[in-house]
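Structure, as structure tokens:
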Amino acid sequence: MGNNQPGGMYKRDRPYDSEKSGSHSRSRGGIPSSSPSNEDECPVQMKIAKGDDKSKFPVVFKWNINNATPRQVYICGSWDGWNTKIPLVKSTSDFSTIVDLEPGKHEYKFMVDSKWVVDDNQQKTGNNLGGENNVVMIDEADFEVFDALDKDLASSNAGEALRNSHPTKESHDTPNDRELEKLHQFGQETPTRVDFNKAAAPPVLPPHLLQVILNKDTPVQCDPNVLPEPDHVMLNHLYALSIKDGVMVLSATHRYRKKFVTTLLYKPI
Amino acid sequence: MNNTTGRLRRNKATTFESPSIPKAFFDLQHHFIFSKRKAPVDGIEAIQRDGASISEHAVVKYANDERPDEKEKQDLENMFKTVLRIGVQNSDIVYTHLLQLSQCYEAMARNNKLIVFTNDISVRKAFNGLIYNCMRTGLVADSQTLEITGVLSVTDFIMVLMMLWKYRENLDELKGTPLSHEDFRQMDIAYMPISRWKGCLETKGQLKPFINIGLKESIFRAVELLTKYRIHRLPVMDEKTGDCAYILTHRRILHYIWKHCALLPKPECLSQRVVDLEIGSWKNLIFANEQTPLIECLDMLIDNNISGIPIVQKNTLKVLEVYTRFDAASAAFSDHIDLSVSVTRAIQERDYQNGIRRDGVVTANYTTTLWSLIEIFIDKNVHRIFMVDDRTILKGIISLSDVIEFLVLRPTKKNGVTTGEPMEK
């Protein structure tokens, strides 16, 4: 009631209500108005993720409560020829609903406590009966953001984990084990040995051990009694030369205080 | 008029005579300050035996920043440590004191290489091991207990070769024929174990005792042993376990002195000429000419207990080559062992051996200073330098042991203290 001017609007709406009872007035009200509308301003206040039907887009309609709280609020529009009155759900400060609409221009009107009113905050246009209707423009471009989200989900590993349930490699956006656990189904089957073939090999030996200190060529300037300083993984290891001429050659490096001694033992077999 | 006569004279300057400031006398002396715990005991005893005084001091153990908490202040042992101090009366004795205060452990390299043969291995195979590793000395261990009982060096191999050759020379049918490698393999002496070879030497009276030194003894003591027994390599053993840590040579001692000489006062003798200091041999030189048979060169090496001889021209004494014991040892790899060939031909054949290093000829002018000579020893890593004149004519021979003995042992002999037997040259 507060949305309208009490005198003028009330008079215009009253003849429309009396005409509505007849079938003729109903069909006349469904004709789209030819008056121009402001297309720059988008009347839709909120858009939610679209449904499965890609030809229609969800649109939110709200009726804000100003002074007195109405008992019932309905919406009727040109998308179905003004046939169905859709009830709006009451919330704390408004009435709202979601209607799937096709792209294009649609006119609609609210029935608040059995009285036809328009929302002065939204775009309006004149109708054939001398009154006014609200207008909404639905454009497909407004919903392009949902396509991007779908593509991102498909390419990410989280999406792949949701589909395959078996992530092959680690990445920065892999969901943690708890999240993956929810996707798996627990069963009674015992895993076979084949499932454990993917296990990694044990850690390799330190690469320092591959550098045998006695195999290094010492420079000519060096004393033949002096060897390079060993790595600590070399200490207390036994090295053996292949047996030649019936003689076995063994060597080991030990630490004595801060220095090292490499001993070669020649022993006949 | 009466007032003027009684007036006191004013503004008269008074001159004071200032006394002269006496001249100050500075008497600075170098000192060795060392830890009492780490210094070798025999080195300290040697210093006290020479008459020098060693004073003991207590110094604060921690720097100012590292002082511990208040509670520990009362514990004197944690606050102070004992150091010893000895003055250097003469700069000539500075290297002697350095070695007397250094353990043999400190001359050890970072990683030392040792070869140990059990005494049941054959002599020929042991020498092959020495040649393969480019080593001059190996240790001999008992085959049962693996306890080190002696050393085996290149000198033993030369003696084996000479013994073989002279044995064949006594046979009329084999006289003059070269000893082939196969002949050497088949002879009994090639399969002689080391223990039997040591027995033969003992029978002839040529076996040298096993001389070794402990790791905690002073390097000065090592120099005394090296000089007394005329050896070049001294095994350094761990006193507790009986294991050998490394083999101390004159070269390592010279490198140790070289490493520390920048921190020490320099003796005056370093800037004098070696010919004036009478280091080494300048008379009755032992040399060979190009046509000398190899067997005679080996005789010179063994009989005179030297490690290398110069090869000179016959008439002019011009130095051409050097023949060392290690060169003789490599003859084992020749197809034919012929000790009757000339030494020049032996050197040429020796050059064809691959993978074996060889000391070249190192000469210096006989007017060189001792400091320059030490630099040549450090740089070339040889054991002897031939002193020549401008035309490369041999004037003298100075070996590494001569330099070590001059730097370390001569200052103590100057004080009238004799260490061991007198040296005869």
Side-chain angles (χ1 to χ4, degrees), chain A residues 200-269, chain B residues 103 105-122 124-130 132-141 143 146 148 152 185 191 193-194 215-216 233 236 238 241 243-249 251-252 255 326 355-360 379-381:
Chain A
V204 297
L205 286 176
H208 325 77
L209 286 174
L210 299 177
Q211 305 179 8
V212 183
I213 201 168
L214 289 170
N215 291 345
K216 293 184 177 179
D217 292 330
T218 53
V220 183
Q221 295 291 335
C222 280
D223 195 344
N225 300 282
V226 177
L227 288 169
E229 186 167 350
D231 295 310
H232 285 271
V233 294
M234 293 179 185
L235 300 185
N236 305 320
H237 280 78
L238 188 68
Y239 292 88
L241 198 64
S242 58
I243 297 174
K244 200 188 304 181
D245 214 359
V247 177
M248 176 178 62
V249 185
L250 303 172
S251 100
T253 302
H254 298 279
R255 182 183 62 84
Y256 180 81
R257 288 205 247 168
K258 293 182 179 178
K259 298 177 179 178
F260 306 95
V261 181
T262 300
T263 307
L264 285 83
L265 178 68
Y266 280 73
K267 187 168 172 52
I269 299 178
Chain B
Q103 295 181 6
Y105 166 77
E106 300 184 38
M108 201 173 164
R110 293 293 296 173
N111 191 2
N112 304 265
K113 187 180 181 182
L114 283 177
I115 295 187
V116 180
F117 302 107
T118 54
N119 60 3
D120 53 348
I121 198 176
S122 71
R124 184 181 62 85
K125 295 176 181 178
F127 289 135
N128 285 348
L130 283 179
Y132 181 78
N133 288 278
C134 295
M135 305 277 287
R136 269 75 170 167
T137 298
L139 301 169
V140 178
S143 61
L146 286 185
I148 296 176
L152 188 76
R185 283 173 168 265
Y191 296 94
I194 293 177
L215 269 161
K216 296 181 179 177
R233 291 165 184 87
V236 183
D238 188 11
T241 61
D243 297 327
C244 185
Y246 74 110
I247 295 179
L248 186 59
T249 59
R251 178 187 292 180
R252 290 224 60 83
H255 278 258
F326 198 68
I356 298 178
R357 291 195 293 267
R358 182 168 184 270
D359 294 338
D379 183 47
K380 298 297 181 182
N381 264 331

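As a basis for the values below, the full set of heavy atoms in this structure was taken, side chains included, without hydrogen atoms, waters or symmetry mates.
Among all heavy-atom pairs drawn from A:Pro268 and B:Thr118, the shortest one is CD-OG1, 3.3 Å. Residues B:Asn111 and A:Thr253 approach most closely at OD1-CG2, 4.4 Å, considering heavy atoms. What you find for A:Val226 and B:Ala109 is that their closest heavy atoms are CG2-CB, 3.9 Å.
In this structure, A:Arg257 CZ and B:Glu106 CD are separated by 8.5 Å, a value rounded to the nearest 0.5 Å. Note that CG of A:Leu265 is 11.5 Å distant from CG of B:Leu114, once rounded to the nearest 0.5 Å. Atoms OH and OG1, from A:Tyr256 and B:Thr241 in turn, are 7.5 Å apart once rounded to the nearest 0.5 Å. Between the NZ atom in A:Lys267 and the CG atom in B:Asn119 there is a gap of 8.5 Å [rounded to 0.5 Å].
Applying the side-chain contact (heavy atoms from CB on, under 4.5 Å) test between A:Thr263 and each of B:Ile115, B:Leu139, B:Val116 identifies B:Val116 as the sole match.
Of the listed residues (B:Leu146, B:Thr249, B:Ile121, B:Thr137), the greatest number of heavy-atom pairs within a distance under 4.5 Å of chain A belongs to B:Ile121.
In B:Lys216, the NZ atom is not crowded: 12 or fewer heavy atoms of neighbouring residues, nucleotides or ligands sit closer than 6.0 Å.
Of the two parts of B:Ser143, the backbone and the side chain both hold a non-hydrogen atom closer than 4.5 Å to a non-hydrogen atom of chain A. With a 4.5 Å cut-off on non-hydrogen atoms, B:Phe117 touches chain A through its backbone and its side chain both. Looking at B:Ile247, neither its backbone nor its side chain comes within 4.5 Å of chain A, counting heavy atoms on both sides. When heavy atoms are compared at a cutoff of 4.5 Å, B:Asp238 approaches chain A solely by way of its side chain, counted from C-beta outward.
Between the side chain of B:Lys125 and the backbone N or O of A:Val247, no donor-acceptor pair lies under 3.5 Å. Between the B:Asn112 side chain and the A:Leu227 main chain, no donor and acceptor come within less than 3.5 Å of each other.
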